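Worth saying up front: this structure is predicted, and the values here are computed from it rather than measured.
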Amino acid sequence: MNILGIDALLFGVDDLRACSAYLRDYGLTEAAPGRFEALDGTAVLIAPAGDPTLPPPPAPGCQLRKTVFGVADAATLDAIANELGRDRAVRRLADGSIESVDDDGFVLGFQVSVRRPVATLGEFANAPGAPIQRAVNTLGVQAQAPQIRPRTLSHIVYFVPDAARAEAFYVQRLGFRCTDRFVGVGPFLQPAGTLDHHTHFLIQAPAFMKGVEHFTFHFSGPTEVMQNGYRFIEKGYQPFWGPGRHQLGSNWFWYFNSPFGCHMEMDADMDLHDASWQPRQAELSADSSQAFLLGYRRKWAPGPDTSERGDYA
């Protein structure tokens, strides 16, 4: 199945105004009412929780209503419809997409991908003795840079009551593969049409927790994650975890509380893997979850009239 990744996430929310402001401040552009896009057109969609046209949530209290995958072509859509139609309902929608559910009740959409090319290059870093990456006289950071915009929808993390059963659905029915695994917790999963380390991470959890732990977009590099995250906090949003860098996947991260009933992350520089990659297994711990973890602090400058430690939040 040539699934490229997640094209959109649809949420039914209690506070449209707060969610809209949050997504704009995060860096997404409101391309249409309720549609907030990254540079490549992948998006978060929001609607009132009581909208009767929304699909049902996978569990009470979960605001996610649908995960929409982008696929390479119409032939892939037909193949998915035929495969899932063997044992569950598959709806053909007016826009040409299809809709079904996974084994845990998460509503899934599939459409020919809306992703568009992103023309700007990602972050470059220079190292002594290595070929120049960032051109001479080109600044690595601009403190007064305009709104930082994420490049593409990266991944989502589900709490599921049976991670092995959930994994089997995505691997056997949709052609995902496991890239790495936390033993006794769950797998990182990659669809066939991307090299990203994962678009899904499944976490074994009690049934009453079924839902979303977090979702995230890719930024161009760690500088954007740090700078955008700092600005996010200055706007009044609450950090949850980070900044830091994960072990499995290697992506830089910074997690924030959100009005979506889950966390929302900023990430960058995720590992890429092809079919020759051999999945690793690790016990979940603070050391295996991140290579390092940093802490936010307010801006500070050294000098004779300032504290050595600065002013921590």
Side-chain angles (χ1 to χ4, degrees), residues 1-13 35 41-47 51 53-115 152-178 186-194 196 198-203 205 210-217 260-262:
M1 303 291 186
N2 198 356
I3 298 172
L4 306 180
I6 304 171
D7 265 15
L9 297 171
L10 171 62
F11 289 86
V13 302
R35 182 182 180 87
T42 55
V44 172
L45 312 175
I46 59 174
D51 185 337
T53 67
L54 290 176
C62 180
Q63 297 185 46
L64 178 70
R65 298 302 186 91
K66 187 175 180 179
T67 300
V68 182
F69 291 99
V71 307
D73 48 41
T76 302
L77 276 184
D78 291 340
I80 293 171
N82 291 335
E83 170 60 33
L84 297 184
R86 293 192 297 109
D87 62 357
R88 67 199 68 208
V90 177
R91 297 176 58 211
R92 291 270 183 181
L93 305 185
D95 61 4
S97 67
I98 61 174
E99 184 178 283
S100 191
V101 295
D102 71 7
D103 285 347
D104 286 295
F106 289 89
V107 177
L108 307 180
F110 301 88
Q111 64 185 21
V112 175
S113 183
V114 301
R115 293 166 184 253
T152 188
L153 188 49
S154 170
H155 63 268
I156 191 166
V157 176
Y158 292 158
F159 285 130
V160 293
D162 186 337
R165 176 173 176 264
E167 178 182 0
F169 170 82
Y170 285 93
V171 171
Q172 297 171 13
R173 308 298 299 276
L174 295 177
F176 282 59
R177 59 185 297 271
C178 172
F188 294 88
L189 298 178
Q190 175 200 71
T194 183
D196 272 5
H198 63 283
T199 63
H200 283 63
F201 176 37
L202 306 177
I203 298 177
K210 185 167 69 171
V212 178
E213 200 293 318
H214 74 266
F215 66 98
T216 181
F217 286 76
F260 298 97
C262 64

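- Ring geometry for Tyr158 versus Phe106: interplanar angle under 30°, hence parallel rather than tilted (30 to 60°).
- Between Leu189 and Leu202, some side-chain heavy-atom pair lies under the 4.5 Å cut-off.
- Residues Arg115 and Thr152 have side chains that bring a donor and an acceptor to within less than 3.5 angstrom of each other.
- Looking at Leu153 and Leu9, their side chains come closer than 4.5 Å, going by heavy atoms from C-beta outward.
- Atoms NE2 and CZ, on His214 and Phe159 in that order, are 10.0 Å from each other to the nearest 0.5 Å.
- In summary, the aromatic rings of His200 and Phe188 are positioned with their centroids too far apart to meet the 6.0 Å limit.
- Arg35 places no side-chain N or O within 3.5 Å of a backbone atom of Ala43 that could act as its donor or acceptor partner.
- Between Arg65 and Asp51 no salt bridge is recorded (no basic side-chain N to carboxylate O distance below 4.0 Å).
- When all heavy atoms of Val107 and Pro56 are compared, the pair lying nearest together is CG2-O, 3.8 Å.
- Phe110 pairs by the ring pair (Phe, Tyr, Trp, His ring centres under 6.0 Å) definition with Phe69, not counting sequence neighbours.
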Residues Val68, Ile6; criterion side chain to side chain contact (heavy atoms under 4.5 Å, CB included); working and verdict: CA-CA 6 Å; Val68 182; Ile6 304 171; 5.9 Å; no
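- The pair Asp78-Arg92 counts as a salt bridge, with a side-chain nitrogen and a carboxylate oxygen less than 4.0 angstrom apart.
- The minimum heavy-atom distance between Pro57 and Cys62, with the atom names listed, is CB-O, 3.3 Å.
- Taking CG of Leu64 as the start and CD1 of Ile156 as the end, the distance is 5.0 Å to the nearest 0.5 Å.
- With a 4.5 Å cut-off on side-chain heavy atoms, Thr194 and Thr199 count as touching.
- A side-chain N or O of Gln111 and one of Asp7 form a donor-acceptor pair less than 3.5 Å apart.
- The NE2 atom of His155 sits 3.5 Å away from atom NE2 of His198, with the distance rounded to the nearest 0.5 Å.
- The minimum heavy-atom distance linking Cys262 with Val212 is given by the pair CB-O, 3.3 Å.
- In this structure, the side chains of Leu174 and Leu108 come closer than 4.5 Å at one or more pairs of heavy atoms.
- Ionic pairing of Asp162 and Lys210 is not present here: no N-O contact between side-chain nitrogen and carboxylate oxygen is shorter than 4.0 angstrom.
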Side chain to side chain contact (heavy atoms under 4.5 Å, CB included) between Val157 and Ile203, worked out: CA-CA 7 Å; Val157 176; Ile203 298 177; 3.5 Å; yes
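- Here Glu83 contributes atom CD and Asp87 contributes atom CG; the two are 7.5 Å apart, rounded to the nearest 0.5 Å.
- Counting all heavy atoms, side chain and backbone alike, Cys178 lies closest to Pro187 at SG-CB, 4.0 Å.
- Atom-to-atom distance recorded for Asn2:CG and Ser113:OG is 10.5 Å, nearest 0.5 angstrom.
- Aromatic ring pairs are classed by plane angle as parallel below 30°, tilted from 30° to 60° and perpendicular above 60°; the pair Phe260 and Phe215 is perpendicular.
- Ser100 places no side-chain N or O within 3.5 Å of a backbone atom of Val90 that could act as its donor or acceptor partner.
- Using a 4.0 Å cut-off between charged side-chain N and carboxylate O, Arg165 and Asp104 make a salt bridge.
- The CG atom of Leu54 sits 11.0 Å away from atom CD1 of Ile46, with the distance rounded to the nearest 0.5 Å.
- When side chains are defined from C-beta on, Arg86 counts as touching Arg173, because their heavy atoms get closer than 4.5 Å.
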Steps toward side chain to side chain contact (heavy atoms under 4.5 Å, CB included) verdict (Leu45, Phe11): CA-CA 6 Å; Leu45 312 175; Phe11 289 86; over 6 Å; no
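- For the pair Pro55 and Glu99, the minimum side-chain heavy-atom distance is below 4.5 Å.
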